[in-house]
Amino acid sequence: MFYKMACRRSEGSAIRNVILSLLRPKNPRQGIGNGRRMEGLRNVHVDHKLNRAACTTHSYSKVPPIPAWKPVGETPLSLVYSVSPDLVDRMERLALVDFGNHEGVVRLQCAITFAEQLHVVDTEGVEPMDSVLEDMQLYLRVDRVIEGNCAEVLLSLPTKIVEEFYVAPPERPRCCSREERPDGCRKSTLSGPFLPSADP
Amino acid sequence: VCLALREGHISPKELCHQCLNLIKKTKFINAYITVTEEVALEQAEKAEKRFLKGEPLGPLDGIPVAVKDNFSTADIETTCASRILKGYIPPFNATVVNKLLNQGAVLMGKTNMDEFAMGSGSTDGIFGPVRNPWGYSRQYKEKLITTGQCKEEPDWVITGGSSGGSAAAVAALTCFAALGSDTGGSTRNPAAHCGVVGLKPTYGLVSRHGLIPLVNSMDVPGILTRSVDDAATVLGVLHGHDPKDSTTVHHSFESFSLPDEVDVKNISIGIPKEYHAPGLSAEVLSQWMKAADTLERAGARVVEVSLPHTPHSIVCYHVLCTAEVASNMARFDGIEYGHRSTVDSSTETMYASTRHEGFNDVVRGRILSGNFFLLKQNYDRYFVKAQKVRRLIAEDFIKVFNSGVDVLLTPTTLSDAACYKDFIKEDNRTRSAQEDIFTQSANMAGLPAVSIPVALSARNLPVSLQLIGQRFREVDLLTIAKWFEQQVNFEAIDLQISDNIEKLPKKKTASTA
């Protein structure tokens with residue numbers, strides 16, 4: 001059937017038009033319900049001063065006309081959680097990720113301050129939720145090897161291997177303090193123990 | 001188009017060529033990181049042979065699709081828009097990618113995104129930001145002229161994120177469906193801004209095997225299409241238990257097709273009052289109100305409901321997300337795959353250096369925040385507390401659905417898409433907190449949700465609404481979504497491509513700055 005159709009086609013542009021018509025949804029625009037855009041509500045101020053009477057032509061009662069809650073205000077700088085240089089060090093070592101610069105530390109401080117908002121919620125007697133599937137029986141398959149033998153493929157991925165082994169440089173003894181940093185380690189601008197400088 | 005392919009009106013190869021052409025013409029949108037031209041043509045060739053024999057594999061056979069770049073695709077570079085995976089070529093396909101390819105879908109390419117799906121603008125990846133195709137539409141430009149803001153190069157508009165590339169690819173007509181991922185709204189947010197349908201399935205319904213994880217307890221593969229029927233078709237292909245993903249469930253869920261005529265009488269729609277959040281724009285509010293009103297006039301039972309913990313959900317999400325991210329990003333050490341630093345004075349130095357070079361500020365910031373919340377002294381105070389709040393949020397939804405509500409109707413975003421230069425005035429975390437406000441609670445409760453475009457804003461950019469359904473009840477969700485789609489007849493984008501091939505953005509000189 002396809003070849004018969006192919007013979008009937010006269011030129012490439014006909015095909016293109018068919019394809020374009022299929023790619024585009026067909027119908028012209030209408031707004032929900034009344035076929036017009038939002039002109040009807042343009043002059044209504046949807047804010048705290050909303051006059052409900054202005055909306056009597058439609059039953060908007062189900063959608064609240066004003067925000068149902070207020071955002072928590074900006075925390076004054078004096079109350080922003082402060083992160084000590086020792087904590088910065090410790091975190092860089094644990095995460096093996098550097099803060100990079102002072103902005104990175106400020107970013108963390110803001111994130112922590114933001115998280116503090118959690119504490120207004122009363123969670124007395126509430127169990128923590130690990131997964132939404134906690135009420136379902138998860139599948140355990142039979143303990144049988146069903147795939148593998150792909151060492152060659154996997155070993156083609158790393159940048160460095162030695163005789164089919166993944167390799168890493170030898171570990172160095174940990175510094176107790178910044179002063180005991182090993183030679184050759186560059187410092188981050190925040191004086192982390194092992195990290196490269198902030199500018200790569 | 002599936003019917004057109006079956007009846008021979010067009011061939012898969014021609015369709016593929018046209019889409020590849022469109023991708024080239026819309027390169028300025030930057031929706032694609034990798035365009036898999038050869039692979040696509042090969043697949044189209046095979047599809048054509050099947051159609052000639054009259055043996056198509058299914059509704060997706062020969063259909064161009066795109067996949068977000070955090071899904072592993074065998075022999076095709078997968079980067080998550082990050083330096084740490086630049087050049088990484090996975091040896092396997094993600095399960096959902098396999099399912100699409102097994103149905104004969106033709107892969108156009110891997111789409112652009114925020115680095116590691118962290119962001120809500122698709123502006124923070126190493127391949128540059130994605131531009132909203134609607135910013136180049138006739139509709140948007142006409143509006144700029146009528147409001148006297150006509151410029152030679154209008155400020156371009158963001159797509160939203162993090163699956164911005166997928167949404168832009170679908171909106172710009174370069175493919176029929178795209179895969180995104182949805183952790184806090186990353187499929188629905190760009191769908192809303194780009195005027196396409198964005199579906200987040202129930203957690204556990206679609207396999208995450210091969211989806212490079214962000215938050216294991218919330219991630220789901222998302223589906224972006226131009227119509228609700230297409231979303232249902234793709235979901236029908238992708239759902240199902242996967243032995244390689246232990247968080248997929250055995251469920252009696254079955255593929256479905258949607259009725260042509262939808263009757264919303266006696267369906268109960270809930271309007272959660274807390275979703276009128278501070279900062280909601282008048283335009284979105286107006287559309288939300290009109291939608292509720294229209295449903296009521298059509299016979300649905302529309303009730304105001306309460307999800308009292310909504311104001312706290314974004315904070316809860318922030319803590320849980322960063323904590324799981326800190327754990328998931330630990331696998332990137334340069335040893336088994338990905339970027340490896342040349343600094344090798346010690347293991348730790350090499351790891352730290354690799355991660356410094358590979359991750360951007362946003363990713364590093366989230367890892368550090370997450371690590372902070374997981375420190376022994378902080379664990380109960382932040383992480384366990386957030387888990388308790390998560391339970392309260394999930395229970396809010398359960399109570400509302402148990403009271404007889406079938407589906408919830410809410411906005412998807414606070415407003416239409418922002419211009420890039422306005423969007424970047426605030427940092428990633430602030431923007432995510434604003435943009436994700438309506439979408440992340442569905443991820444925390446594991447519920448299905450869909451965003452559908454309903455109208456154009458005063459700037460002629462898409463405005464969308466969201467429907468949230470009960471677990472594994474995507475059929476109800478999408479049926480009501482289809483009803484909306486039929487009521488609205490959302491305007492097609494009139495993308496002005498030829499103008500933009502020549503006028504690619506130039507750097508401003510000092511005299512024009």
Side-chain angles (χ1 to χ4, degrees), chain A residues 1-2 5 15 18-19 22-25 27 29-33 38 41 46 58-60 62-64 67-71 91 94-98 107-108 111 114-115 117-118 121 123 126 128-129 131-133 136 138-139 141 153 157-159 166 168-169 171-172 184-185 194-196 200, chain B residues 1 8 10 14 18 91 173 203-204 217 243 249 271 273-274 276 278 282 285-286 288-294 302 304 311-312 315 319 335-337 340 344-353 355-357 364-365 367-369 371 382 384-385 387-391 446 455 488-489 491-492:
Chain A
M1 187 187 186
F2 174 75
M5 293 299 297
I15 309 162
V18 171
I19 292 172
L22 291 164
L23 288 171
R24 289 170 200 276
N27 300 304
R29 173 185 40 131
Q30 294 171 22
I32 289 183
M38 284 164 277
L41 277 187
V46 186
H58 299 275
S59 54
Y60 292 142
K62 303 298 179 346
V63 174
W69 48 279
K70 292 193 169 107
M91 293 207 46
L94 280 173
L96 287 171
V97 155
D98 65 308
R107 209 177 285 128
L108 175 66
F114 185 53
Q117 292 176 28
L118 270 180
V121 186
T123 52
V126 179
M129 181 186 240
S131 166
V132 296
L133 299 178
M136 302 191 90
L138 286 192
Y139 172 79
R141 67 179 180 85
V153 166
L157 298 174
T159 322
Y166 292 128
E171 188 50 74
R172 280 197 177 245
C185 278
F194 294 115
L195 299 168
Chain B
V1 72
I10 45 161
E14 280 155 0
Q18 283 297 331
L173 316 177
Y203 181 85
S217 69
V249 296
I271 306 285
K273 65 181 187 199
E274 292 84 0
H276 188 157
L285 176 65
S286 153
W288 189 19
M289 286 175 161
K290 280 188 183 174
D293 193 35
T294 311
V302 178
E304 185 186 88
H312 312 292
V315 187
V319 172
I335 301 280
E336 300 100 335
Y337 44 76
R340 178 181 177 130
D344 62 355
S345 40
S346 75
T347 313
E348 283 198 8
T349 326
M350 192 277 281
Y351 285 172
S353 195
R355 290 153 72 79
H356 171 84
E357 290 164 16
R364 297 205 319 265
I367 294 172
L368 287 162
S369 304
N371 270 102
Y382 295 100
V384 174
K385 179 79 179 181
Q387 288 191 308
K388 292 178 179 180
V389 176
R390 182 178 184 177
R391 181 178 296 284
V488 164
N489 282 332
E491 182 164 336

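Numbered from 1 within each chain, the chains take letters A, B, ... in sequence-line order.
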With chain A as the partner, which of [options] has the greatest number of non-hydrogen pairs under 4.5 Å?
| options | answer |
| --- | --- |
| B/S369, B/P91, B/G365, B/P311 | B/P311 |
| B/V315, B/V249, B/I271 | B/V315 |
| B/V319, B/L368, B/D344 | B/L368 |

* Does the pair A/L96 and B/E348 meet the rule for a side-chain contact (heavy atoms from CB on, under 4.5 Å), with working shown? -> CA-CA 7 Å; A/L96 287 171; B/E348 283 198 8; 4.1 Å; yes
Looking at side-chain heavy atoms only, is the closest gap between [X] and [Y] below 4.5 Å?
| X | Y | result |
| --- | --- | --- |
| A/D98 | B/R364 | yes |
| B/Y351 | B/I335 | yes |
| B/R340 | A/P158 | no |

* To do: Check each atom of A/M136 against the heavy atoms of chain B and say whether the ones under 4.5 Å are side chain, backbone, both or neither.
  =>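 Only the side chain of A/M136 comes within 4.5 Å of chain B.
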* Tell me, side chain or backbone of A/V121 under 4.5 Å from chain B's heavy atoms, or both, or neither? ->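 Looking at A/V121, backbone and side chain both touch chain B.
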* To do: Check B/P278 against A/W69 and note the closest heavy-atom contact, atom names and distance.
  =>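 Scanning both residues completely, I find the closest heavy atoms to be CG-O, 3.2 Å.
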* Asked: Where is the tightest heavy-atom contact between A/M129 and B/R390, given as atom of each residue plus distance?
  ->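 Looks like SD-CG, 4.0 Å.
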* **Nearest-0.5 Å distance, CE of residue B/M350 to CD of residue A/E171** =>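 That separation rounds to 10.5 Å.
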* Which of the residues A/P128, A/S131, A/A168, A/A95 is involved in the greatest number of heavy-atom pairs with chain B at under 4.5 angstrom? ->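 Ranked by heavy-atom pairs under 4.5 Å with chain B, first place is A/P128.
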* Quick one: of A/L108, A/V132, A/V153, A/T159, who has the most non-hydrogen atom pairs under 4.5 Å with chain B? ->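 Result: the option with the highest number of such pairs is A/V132.
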* By a 4.5 Å heavy-atom criterion (distance strictly below it), what part of B/V384 contacts chain A: side chain, backbone, both, or neither? ->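 Backbone plus side chain of B/V384, per the 4.5 Å heavy-atom cut-off to chain A.
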* Go through the atoms of B/V389 and report whether side chain, backbone, both or neither lie under 4.5 Å from a heavy atom of chain A. =>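 Both parts, backbone and side chain.
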